[in-house]
Amino acid sequence: MRMTLHTDYALRMLIYLATRRDGACTVNDVAEAYGLSRNHLLKVAQTLRDLGLVETTRGRAGGIRLARAPREIGVGALVRATEEEFSLAECMQAGGAPAPSRPPAG
């Protein structure tokens with residue numbers, strides 16, 4: 001299973017925000033930096049806001065910034081929150097093969 005673009009873009013946005021010395025930027029800044037769709041990134045910013053990872057400010061001087069220190073943001077928690085059906089192993093997927101009870105002979 002591959003990670004969705006939504007999660008990929010969320011990770012990129014958080015990395016971009018974490019590297020900003022002044023802490024604030026716009027969705028357009030992120031879109032231009034990575035060559036990504038502004039419309040998709042607007043949805044990602046909304047998700048990250050809903051998860052409490054970024055703060056958003058509307059208006060002419062508006063933008064986005066991290067709501068927490070970068071060290072307080074767990075990548076695993078982000079992936080679990082943004083992926084609808086993310087399983088690292090087949091046995092964790094719905095209808096997946098059961099996990100082997102012992103390693104294969106070899």
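By convention here, the first residue in the shown sequence is residue 1. Here the structure is a predicted model, which means the values were calculated and not measured.
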Exercise. Got a second to check how far D8's CG is from M13's CE, nearest 0.5 Å?
Worked result: 11.5 Å

Name each donor-acceptor pair under 3.5 Å that joins a side chain in residues 36-45 to protein atoms two or more places apart or in another chain, with its distance.
from : atom 1 : to  : atom 2 : distance (Å)
S37  : OG     : N39 : N      : 3.3
S37  : OG     : H40 : N      : 3.2
S37  : OG     : H40 : ND1    : 3.1
R38  : NE     : N28 : OD1    : 2.7

For this session: Name all residues meeting the side chain to side chain donor-acceptor pair (under 3.5 Å) criterion together with R65; count only those two or more places apart in sequence or in a different chain, and write none if there are none.
Result: none

Exercise. Atom CZ in R12, atom CG in L17: separation rounded to 0.5 Å?
Worked result: 14.0 Å

For this session: Quick one: closest heavy-atom pair of A18 and P70, and the distance?
Result: CB-CG, 3.9 Å

Problem set entry | Set of side chain to side chain contact (heavy atoms under 4.5 Å, CB included) partners for A61, sequence neighbours left out | none

For this session: Output, in order, the C-alpha distance, side-chain angles, deciding distance and verdict of side-chain contact (heavy atoms from CB on, under 4.5 Å) for I64 and L48.
Result: CA-CA 10 Å; I64 55 177; L48 293 174; over 6 Å; no

Problem set entry | Closest contact, heavy atoms only, C25 versus V30 | SG-CG2, 3.9 Å

Seminar exercise, completed: The side chain to side chain donor-acceptor pair (under 3.5 Å) partners of Y16 (sequence neighbours excluded) come to R20

For this session: For T7, enumerate each residue passing the side chain to side chain donor-acceptor pair (under 3.5 Å) test, keeping only those at least two apart in sequence or located in another chain.
Result: T4, T82, E83

Exercise. Going by heavy atoms in the side chains, are L53 and L66 under 4.5 Å from each other?
Worked result: no

For this session: With sequence neighbours excluded, tell me which residues meet side chain to side chain contact (heavy atoms under 4.5 Å, CB included) with Q46.
Result: R49, D50

